[in-house]
There are 2 protein chains.
Amino acid sequence: MNPAKTSGSERPYHHGDLRRAILGAALDVIAAEGPSAVSLRDLARRAGVSHAAPAHHFKDRVGLLTAIAAEGFGLLATALDAADDLRDAGVRYVRFARENPAHFQVMFSPELLRENDLELTTARTLAGVRLRAAVSALPSEGRGPDTRLAGIAAWSLAHGFATLLISHNLDGQVGDEDPDEVFHALTGMLFRPQQP
Amino acid sequence: MNPAKTSGSERPYHHGDLRRAILGAALDVIAAEGPSAVSLRDLARRAGVSHAAPAHHFKDRVGLLTAIAAEGFGLLATALDAADDLRDAGVRYVRFARENPAHFQVMFSPELLRENDLELTTARTLAGVRLRAAVSALPSEGRGPDTRLAGIAAWSLAHGFATLLISHNLDGQVGDEDPDEVFHALTGMLFRPQQP
DNA sequence: GGGCAATCTTGTCAGTGTCAAGTTGTGGAG
DNA sequence: CTCCACAACTTGACACTGACAAGATTGCCC
């Protein structure tokens with residue numbers, strides 16, 4: 001009495017992993033046309049379910065985007081965790097943005113998110129801890145007198161480069177070079193050994 | 001025979017400056033709730049006109065946002081024009097973003113814009129010229145060996161700081177300090193006099 | 001004064017988010 | 001094995017939106 005849970009041509013009443021399917025479709029749409037182009041009904045159609053099915057997993061359109069942002073901060077945190085110094089962390093930050101442009105866009109669009117969501121805030125906090133750890137791992141000679149300023153500078157440089165990159169504002173300047181290497185060179189200008 | 005063009009309580013058939021009114025209302029909405037919250041019908045209501053009136057000035061929702069972006073690039077270009085060196089240009093860039101967050105957000109959201117719009121492309125090109133002029137005005141000792149890299153670094157730092165600032169991601173780190181001064185300090189870390 | 005183009009209105013249609021209520025499957029307790 | 005509570009999904013409805021077409025009003029220029 002189990003009519004084709006995963007193989008049948010007649011779609012079963014229960015999707016199996018609708019939550020993941022909706023997330024995946026949403027990420028595709030966002031990467032292609034931006035967050036404003038996601039429509040719950042459209043995602044439902046792509047997954048082959050009724051128009052109100054997504055609401056059961058995400059409650060809201062805002063809930064869906066919040067889930068994406070939380071997932072993104074989690075992915076970013078693990079990416080940064082594997083970095084062995086600040087420069088590497090910056091490269092990983094930029095690479096994360098390039099490989100997960102949909103997540104990245106949503107993560108930094110607070111007006112699209114439920115800011116008091118628990119999963120979101122914990123994931124974001126964890127990513128923040130990883131970022132600060134990378135900064136404080138910098139030897140003090142390279143970091144300058146003010147650790148806090150160094151952190152802001154590093155984050156700004158990486159975030160700005162990543163943002164301009166995925167919005168295609170650097171296409172003319174970077175060309176077909178490897179963005180990782182370009183950013184690697186950039187970090188060399190920021191934290192130079194300074195003399196007294 | 002001019003029944004109360006600006007003073008009458010009965011609103012006249014012709015608004016007077018509907019285009020500007022719509023733009024202003026849209027900027028308010030975007031600054032408060034982001035670009036996805038703008039609704040042509042809502043803007044029409046705020047201006048006291050019928051729901052289809054905005055279409056006559058902007059054609060589209062995309063047309064409205066494109067007009068905002070074009071205006072933004074124009075404002076940015078004139079702001080940068082008054083800068084006397086690269087550091088000042090950076091400070092002005094950040095200040096522009098802080099004082100015109102709605103423009104800034106829309107300017108760098110290509111998926112919301114009509115990319116082949118003439119006014120947009122010319123305004124954006126002009127702003128790009130101003131940016132490059134500021135970079136090449138840097139004395140070569142401070143700029144490093146690669147002018148192109150220096151430009152990318154400067155733009156990334158300013159853009160990243162501005163973006164993180166207006167998305168309230170630096171609230172904890174900057175506190176109630178003057179963002180201009182914080183950014184001024186940041187630029188000091190980027191272009192240091194380098195030794196051989 | 002007469003037309004004419006710009007400006008604005010009214011009406012309509014398909015599409016969307018969200019809520020409420022019903023339907024179907026699932027897994028676990030007895 | 002049965003039954004029942006709950007999770008997953010559907011159906012239906014409502015208000016709202018963007019876009020288009022067709023008509024009304026106004027100012028302007030000759």
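Chain A is the first sequence line, chain B the second, and so forth, proteins listed ahead of strands; every chain is numbered from 1. Because only heavy atoms are used, hydrogens play no part in the values below, and waters and symmetry mates are left out as well, while side chains stay in.
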Counting only side-chain N and O atoms of A/Arg45, is one of them less than 4.0 Å from OP1 or OP2 of C/dT16? yes
Among the candidates D/dA19, C/dT16, D/dC9, find the nucleotide nearest to the side-chain atoms of A/His57. D/dC9
Any idea how A/His159 and A/Phe108 line up, ring-wise: parallel (<30°), tilted (30 to 60°), or perpendicular (>60°)? perpendicular
So, does B/Ser39 get its side chain near the phosphate of D/dG18, meaning an N or O under 4.0 Å from OP1 or OP2? yes
Taking all heavy atoms of B/Ala153 and all of A/Met189, pick out the closest pair and write down the distance. CB-SD, 4.0 Å
Nearest listed nucleotide, side chain of B/Ala52, among D/dC9, D/dA21, C/dA20: D/dA21
Could you work out which one of C/dG17, D/dA19, C/dC8 sits closest to the side chain of B/Ala53? C/dC8
Side chain of B/Leu18 (C-beta onward), nearest among D/dA19, C/dC8, D/dG18: C/dC8
Salt bridge check, B/Glu119 against B/Arg124: does any charged N sit closer than 4.0 Å to a carboxylate O? no
Is the A/Phe96 ring parallel, tilted or perpendicular to the A/His103 ring (thresholds 30°, 60°)? tilted
Nearest whole Å is fine: how far is D/dA7 C1' from A/Asp17 CG? 15 Å
Looking only at N and O atoms, is any donor in the side chain of A/Arg41 or the base of C/dG17 less than 3.5 Å from an acceptor on the other one? yes
Would the base of C/dG11 count as contacting B/His51 through its side chain, where contact means a donor and an acceptor less than 3.5 Å apart? yes
